[in-house]
A.B. asks: 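If you scroll down you'll find the structure; I have some questions about it.
In this chain, residues are counted from 1 in sequence order. For clarity, every value in this text was computed on a predicted model and none was experimentally measured. Only heavy atoms go into these numbers, but all of them, side chains included; no hydrogens, no water, no symmetry mates.
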Amino acid sequence: MNRFCHTTILIWIMITAGIFRIYATAGNTSLPDSLITDDYVYEYTFSDFDKAVRIMQELRKQKKLSQFRLDVVEGDLYFNTGKYLQALKFYKRVLESDSVLNNDTEYMEQVHRMISCYDCLHDEVKKSGYVRLLLQKAEKCGNKEMQSIALFNMGKMIYYQEDKQRGYQMIKDAITLMEQTDYIYKYDNLRYNYNTLLIMQQRDKQYEDALQTLDELEKVVVEATNQEPEIEGLAKKELKTMYAQRAVILSRLGRTKEADETYHLWEEIGNAYSKDDYLIVPYLMDRKLYDKVIAMYIPRETFLHEQKDTVNYHMMSVKRALGKAYEGKKDYKRAARYFEEMAILTDSLKAREQRSSAIELATIYETHEQKAKLEEQNKRIERRNVMLISAAGTIFFLLLLFVRNIQYTRTIRQKNRVMVKTIQESLNYKEKYYELKEQMLQLLESTPSNVQNAIAATEHNEAVKHPHTPTDTDTENNETLNEAEESRLLFETLDNIVTQNKLFLNPNLSREELMKLIHVNKNQYGKLLKQNVNMTTTGYINNKRLEYAIKLLMDTRNFTITAIADECGIPNVPTFNRLFRNKFGMTPSEYRNGMKTPDYMEDMDSNDL
């Protein structure tokens, strides 16, 4: 007893603690309704990612936005925090939605997002395909901002294929084109363009040009736009990035003191917005701060391994930085291991395919006008060919449709013939059953009382010869059997009255009238139908009417379907057709046509014989 009490108390304490934990968690995670907007998702993207995710979940739960807009916002949430594969899943779904496919502006925006994703994933093949789509659509619509975006991405690909001067020019043209627009994300794109140009100039050791580009970037960052959605923490993120770039450039120019001062400003911002911390690595390597490089990249390497995302340019950058850092520390064994892993990784990336794709895209851009002229000359031939093919296709389709229609008609006729025969046989069996039951009742009524007394006496003698002591189980079984038998007899009484008197032909026949016939209440009546036919009152009465309709279709060939429906108590013809199809798998007209087939008539004649 004591053990039982202790166990009960322990279980109660665990349940209570669980309830308190649930309420505490709910209290901690609940969000006010005023925060459940897409604007707050963007606002908390950098400063409180977990809160942004929770707001996003609530937006989906409450369905405050359309499905495609929810996918856009969630895709942006993951893209802005470096989770490109997750973002890609939502962007692909958006691009397939009708809301985007039927709107040129939305379509180009989503293609732009796809380009950005594949750019960050360094998948140049897929990226080039979307750049081509964007360029074609933007030129067709005369959209300068999207032309700028496509041109920038094209220049970036050309640059990394070692055609640097051509790549520089395309990127500068893209910046000039974007500055001429009123695009809502104009400054976002300019920031990204300038940052990319900075990286290229640093890589090519054009440090004076890079310092000038950085000055231009600062003007863009500090300029108030009031047009772009506010993202909390974006200003600090950009500031940290610029500090890193300025420290590197000043270090490379030999202005060590200024570089160190800028690096301390970078450090003061702290560990926040660490996604772009790789930008400070060249400065750290110049100043031989190898341990800081290692401390920065080891967690990144671990993260990529945990995500099983190891074959990409991010991992290659990690391997390269760690190899150089260990080499600087003269730990040549570890450095060699990282350089070897980097070489293997480099071989597995499709450099040749990327190069050919980028060159092909640039060629398409430069020869676009020439192709447009050729396309104009070929339009007439194409239209003629299309008309010929369309005409041939139409003729073939009509012929195929004609053949299929003949086959379908034959199949339906055969099916209807079989169904009509089956239905008629079933109803004949049912009529014979009612006839036999009526004969048995008449026989019982005509049986003399002395014969009935003799049968009762015989049953009594058998009971005396084989006495049986009833048990509780027998009593329960007998009660169940008596209830079932009583239910069956009541239903048969009701069914006989309804059938013989054809009460179902009354279109206004109600449940209350049927209840009065056998003197039962509402609950007893419902249970009675459920146990015997598993139908509602409407279903039971309609079943009777439809069986009667079959008889009318057989006996009154000159009656219209409307007349038969009215005669059966279902004056609404559409309802009659629907009920008939649900029960017999065909319409009344199809049933009547099935009776007219030669095979059916032969079967009827043989049955009559």
A.B. asks: Quick one: closest heavy-atom pair of L529 and T536, and the distance?
C.D. replies: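 So the minimum-distance heavy-atom pair works out to CD1-C, 3.9 Å.
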A.B. asks: What are the two closest heavy atoms between M586 and Y591, and how far apart are they?
C.D. replies: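 Minimum heavy-atom separation between M586 and Y591: SD-CA, 3.5 Å.
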A.B. asks: Is the shortest side-chain heavy-atom distance between R511 and L514 below 4.5 Å?
C.D. replies: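 Counting from C-beta outward, R511 and L514 never come under 4.5 Å.
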A.B. asks: Rounded to the nearest 0.5 Å, what separates atom OG in S116 from atom CG in L121?
C.D. replies: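 Going from OG on S116 over to CG on L121, the span is 11.0 Å.
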A.B. asks: For residues Y130 and Y91, establish whether the separation of their ring centroids is below 6.0 Å.
C.D. replies: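 Ring-ring flag for Y130/Y91: false, centres at least 6.0 Å apart.
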A.B. asks: Side-chain contact test, heavy atoms from C-beta onward, threshold under 4.5 Å: evaluate it for L553 versus F580 and give yes or no.
C.D. replies: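 Yes, at least one pair of side-chain atoms sits under 4.5 Å.
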A.B. asks: Got a second to check how far Q524's CD is from L490's CG, nearest 0.5 Å?
C.D. replies: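 Between Q524 CD and L490 CG, I get 8.0 Å after rounding to 0.5 Å.
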A.B. asks: Measure across V73 and Y42 and return the closest heavy-atom pair with its distance rounded to 0.1 Å.
C.D. replies: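 Taking every non-hydrogen atom into account, CA-OH, 3.9 Å.
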A.B. asks: With no hydrogens and no angle check, is any side-chain donor or acceptor of N102 less than 3.5 Å from a backbone partner on D98?
C.D. replies: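 Yes; judged by distance alone, with no hydrogens or angles, the pair exists.
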A.B. asks: Would you mind checking if K516 and E513 are paired as a salt bridge, meaning a charged N to carboxylate O distance below 4.0 Å?
C.D. replies: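 Salt bridge flag = no for K516 with E513.
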A.B. asks: Pair R93, Q67 - check side chain to side chain contact (heavy atoms under 4.5 Å, CB included), show working.
C.D. replies: CA-CA 10 Å; R93 196 159 64 190; Q67 183 63 44; 4.2 Å; yes
A.B. asks: Does NZ or CZ of K137 lie under 6.0 Å from the centre of the six-membered ring of Y107, at an angle within 45° of the ring axis?
C.D. replies: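 Cation-pi check for K137 and Y107: passes.
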A.B. asks: Any heavy-atom pair between the side chains of Y183 and D188 that's under 4.5 Å?
C.D. replies: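 Side chain of D188 against side chain of Y183, heavy atoms only: no contact under 4.5 Å found.
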A.B. asks: Treating R545 as the side-chain partner and F504 as the backbone partner, does any N or O pair qualify as donor plus acceptor under 3.5 Å?
C.D. replies: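 Yes, R545 side chain to F504 backbone: donor-acceptor pair under 3.5 Å.
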A.B. asks: When you measure from the side chain of N80 to the backbone of D76, do you find a donor-acceptor pair of N or O atoms at a distance under 3.5 Å?
C.D. replies: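 At least one qualifying donor-acceptor pair exists.
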A.B. asks: If you compare all heavy atoms of R581 against all heavy atoms of T587, which two are closest, and at what distance to 0.1 Å?
C.D. replies: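 In this case the closest contact between R581 and T587 is NH2-CG2, 3.1 Å.
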A.B. asks: Partners of K92 by side chain to side chain donor-acceptor pair (under 3.5 Å), sequence neighbours excluded?
C.D. replies: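 Here no residue qualifies.
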A.B. asks: Do H112 and N189 have side-chain heavy atoms sitting under 4.5 Å apart?
C.D. replies: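 With C-beta onward as the side chain, the pair touches.
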A.B. asks: Check for a donor-acceptor pair, side chain of D566 on one end and backbone N or O of T562 on the other, with a separation under 3.5 Å.
C.D. replies: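 A pair under 3.5 Å: no.
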A.B. asks: Cationic tip of K51 within the cone over Y44's six-membered ring, i.e. under 6.0 Å and within 45° of the normal?
C.D. replies: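 Yes - K51 lies over the ring of Y44, closer than 6.0 Å to its centre and within 45° of its axis.
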A.B. asks: Does the side chain of I550 come within less than 4.5 Å of F584's, by heavy atoms?
C.D. replies: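 The answer is yes, as the side chains (C-beta and beyond) meet within the 4.5 Å cut-off.
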A.B. asks: May I ask you to check whether Y78 and Y84 place their ring centres under 6.0 Å from each other?
C.D. replies: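 Ring centroids of Y84 and Y78 are no less than 6.0 Å from each other.
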A.B. asks: Using the rule given for side chain to side chain donor-acceptor pair (under 3.5 Å), can you reason through Q531 versus S487, listing the C-alpha separation, both sets of side-chain angles and the distance that settles it, and then say yes or no?
C.D. replies: CA-CA 8 Å; Q531 289 177 341; S487 173; 2.8 Å; yes
A.B. asks: With no hydrogens and no angle check, is any side-chain donor or acceptor of N543 less than 3.5 Å from a backbone partner on G539?
C.D. replies: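 No: the side chain of N543 does not pair with the backbone of G539.
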A.B. asks: When you look at E512 and K522, which way does the side chain to side chain contact (heavy atoms under 4.5 Å, CB included) test go after all the steps?
C.D. replies: CA-CA 8 Å; E512 286 71 21; K522 180 179 178 181; over 6 Å; no
A.B. asks: For residues L65 and L70, report the shortest heavy-atom separation together with the two atoms involved.
C.D. replies: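 Closest approach of L65 to L70: O-CD1, 3.6 Å.
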A.B. asks: Working to the nearest 0.5 angstrom, can you tell me the gap between N532 CG and K527 NZ?
C.D. replies: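 The distance works out to 11.5 Å.
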A.B. asks: Look up atom CG in N542 and atom NZ in K583, then write down how far apart they are to the nearest 0.5 Å.
C.D. replies: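 These two atoms lie 10.5 Å from each other.
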A.B. asks: Could you tell me whether a side-chain N or O of N521 sits under 3.5 Å from a main-chain N or O of N523, the two making a donor and an acceptor?
C.D. replies: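 Such a contact is found between N521 side chain and N523 backbone.
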A.B. asks: Apply the test side chain to side chain donor-acceptor pair (under 3.5 Å) to residues Y540 and D495: give CA-CA distance (whole Å), side-chain angles for both, the deciding distance (0.1 Å), then the verdict.
C.D. replies: CA-CA 10 Å; Y540 169 70; D495 193 51; 2.5 Å; yes
A.B. asks: Taking CZ in F68 as the centre, count heavy atoms belonging to other residues, nucleotides or ligands within less than 6.0 Å. Is the count above 12?
C.D. replies: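 For F68, atom CZ is crowded (more than 12 foreign heavy atoms under 6.0 Å).
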A.B. asks: Can you check side chain to side chain contact (heavy atoms under 4.5 Å, CB included) on R592 and I564, steps first, answer last?
C.D. replies: CA-CA 12 Å; R592 175 168 280 174; I564 290 176; 3.2 Å; yes
A.B. asks: When you look at NZ of K144, are more than 12 heavy atoms from neighbouring residues, nucleotides or ligands closer to it than 6.0 Å?
C.D. replies: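 Not buried by this count: 12 neighbours or fewer within 6.0 Å.
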A.B. asks: Evaluate the side-chain proximity of T394 to L398: yes if any heavy-atom separation is below 4.5 Å, no if none is.
C.D. replies: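 Yes, their side chains come closer than 4.5 Å.
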A.B. asks: Using a 4.5 Å cut-off on heavy atoms from C-beta on, say whether the side chain of K544 contacts that of L505.
C.D. replies: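 L505 vs K544: side chains apart.
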A.B. asks: Quick one, M146 and E109 - any side-chain contact, counting heavy atoms below 4.5 Å?
C.D. replies: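 M146 vs E109: side chains touch.
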A.B. asks: Can you name the one residue among R69, K64, R54, E74 that meets side-chain contact (heavy atoms from CB on, under 4.5 Å) with L59?
C.D. replies: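 Exactly one candidate clears the test, K64.
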A.B. asks: Starting from the C-alpha separation in whole Å, work towards a yes-or-no answer on side chain to side chain contact (heavy atoms under 4.5 Å, CB included) for V72 and R113.
C.D. replies: CA-CA 9 Å; V72 169; R113 285 181 167 90; 3.5 Å; yes
A.B. asks: Using 0.5 Å steps for rounding, measure from the CD1 atom of I55 to the OG1 atom of T37.
C.D. replies: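 One finds 7.0 Å between CD1 of I55 and OG1 of T37.
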A.B. asks: Mind listing the closest non-hydrogen atom pair of A87 and F79 along with its distance?
C.D. replies: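 Minimum heavy-atom separation between A87 and F79: CB-N, 3.6 Å.
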A.B. asks: Checking D119 side chain against I115 main chain: does a donor-acceptor pair fall under 3.5 Å?
C.D. replies: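 Judged by distance alone, no pair lies under 3.5 Å.
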A.B. asks: How long is the straight-line distance from CE of M108 back to CG of L134, given to the nearest 0.5 Å?
C.D. replies: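 Between L134 CG and M108 CE, I get 7.5 Å after rounding to 0.5 Å.
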